[in-house]
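Below is one structure; the comments refer to it alone.
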Amino acid sequence: MITLISSDKRKFHVLEEVANQSLTIRDVIEDRRGRRRADRIILVTNINSKIPEKVIVYWLRHFLMPEEIAHASMSHKKAEKLKKWEAKFFDTDIDTLNDLILAADSLDIPSLFDGACEKVSDILKNRSAEEVGEISKIENEFTHEEEEEEIPSENAWVWRNEFA
Amino acid sequence: MGAEQEQEQLEKEKEQDEDEDTMDRGYNLNDNVDILAEIMARLDGRSLAVAACVCRLWSTVCKQDRVWEALCDRHVIGGAGDPGTRSVVAALGGYRRLYRLCLGPALDRLTCSGETTDSDKQGWAHLSLSLSLSLFSIDCYERLEGKQRPASLLFLCKPVNVA
């Protein structure tokens with residue numbers, strides 16, 4: 001059993017086999033093998049407690065269906081089911097997705113990282129620059145002149161649509 | 001003693017407040033450029049160009065060639081990450097240019113041309129990349145400042161039997 005401690009000091013107990021899906025945690029465990037029990041506690045300081053919960057849910061779902069086996073012998077039906085489950089898992093607000101990406105990055109969980117990045121990019125697709133700025137809470141610091149001149153001319157091919 | 005305890009209490013509360021502050025702010029997309037680039041690399045061409053207008057940082061990230069490389073690679077079957085292709089494209093002006101000049105328009109046309117089956121689409125996408133690369137090389141060739149530039153491209157004026 002491994003204990004993860006989030007930045008707000010909540011503890012999460014996870015089976016080693018499950019937590020091994022994080023390459024970072026796997027390395028840490030490998031480094032500390034054969035040492036005291038206290039060394040099985042891992043601090044995940046840059047994420048709040050909402051995120052480890054989600055990450056562990058994700059781990060458990062994927063632990064039941066390891067990806068290598070999944071690709072080789074998973075039936076079409078099961079693959080569809082996992083896909084649906086992931087769609088539901090990632091169907092959340094952009095702040096949570098951002099936190100998930102950060103957690104997946106620091107814990108090194110490639111499939112979670114890909115899934116969350118994919119979802120964020122889906123959210124940003126087919127929108128205007130203003131909408132994108134609003135969704136991602138980013139202020140547009142371009143001056144009015146820049147917005148009028150430089151930016152459109154640089155990306156003129158998008159607005160022209162001459163190939164349609 | 002009482003006063004000391006009070007002081008401690010106050011300090012603790014202050015710490016908690018600070019903790020909550022950082023927690024509330026959460027993680028912003030702009031905090032990590034590498035992660036931002038990963039997200040951008042998953043956008044389509046049009047959305048990527050829109051993203052370039054969101055703010056300065058996004059504009060810089062959207063100009064990175066690796067973002068466009070990922071975009072172009074998604075339209076290739078089997079050729080992704082091939083170092084040969086990469087060096088050719090880099091020599092000819094980069095993936096961003098390739099997409100803007102050739103691949104993007106080609107894909108636009110394909111989506112506009114209407115109903116095609118999935119297998120058709122894959123075939124077309126593959127062809128469209130080969131075609132884009134050819135057009136891209138020709139475009140670069142035309143921009144070359146050399147003596148023998150126009151003459152050798154004349155063969156393009158004649159119809160070619162592709163069958």
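Order of the sequence lines sets the chain letters (A, B, ...), proteins ahead of strands, with each chain counted from 1.
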[atom2] on [Y] to [atom1] on [X], rounded to 0.5 Å:
{"X": "B/Ile35", "Y": "A/Asn98", "atom1": "CD1", "atom2": "CG", "answer": "8.5 Å"}
{"X": "B/Ser47", "Y": "A/Asp122", "atom1": "OG", "atom2": "CG", "answer": "9.5 Å"}
{"X": "A/Ser121", "Y": "B/Asp44", "atom1": "OG", "atom2": "CG", "answer": "8.5 Å"}

Heavy atoms only: give me the nearest [X]-[Y] pair and the separation to one decimal.
{"X": "B/Glu38", "Y": "A/Cys117", "value": "CB-SG, 4.1 Å"}
{"X": "A/Arg127", "Y": "B/Val50", "value": "O-CG1, 3.3 Å"}
{"X": "B/Val54", "Y": "A/Ala129", "value": "CG2-O, 3.7 Å"}

- Message: Around atom CD of A/Glu134, are there more than 12 heavy atoms from other residues, nucleotides or ligands closer than 6.0 Å?
- Response: no
- Message: Show, in sequence, the C-alpha distance, side-chain angles and deciding distance for B/Ile39 and A/Ile101, and conclude whether the side-chain contact (heavy atoms from CB on, under 4.5 Å) test is met.
- Response: CA-CA 10 Å; B/Ile39 294 169; A/Ile101 292 175; 3.8 Å; yes
Does one hydrophobic cluster hold both [X] and [Y], with members joined at side-chain heavy-atom distances below 4.5 Å?
{"X": "A/Leu23", "Y": "A/Leu102", "answer": "no"}
{"X": "B/Leu71", "Y": "B/Val33", "answer": "yes"}
{"X": "A/Leu107", "Y": "A/Leu15", "answer": "yes"}

- Quick one: what part of A/Asn126 sits under 4.5 Å from any heavy atom of chain B, side chain, backbone, both or neither?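 It is both, since atoms from each part get that close.
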- Can you name the residues that form a ring-ring contact (aromatic ring centres under 6.0 Å, His included) with A/Phe89, not counting sequence neighbours? A/Tyr58, A/Trp85
- Who passes side chain to side chain donor-acceptor pair (under 3.5 Å) against A/Asp114, sequence neighbours left out? B/Arg42
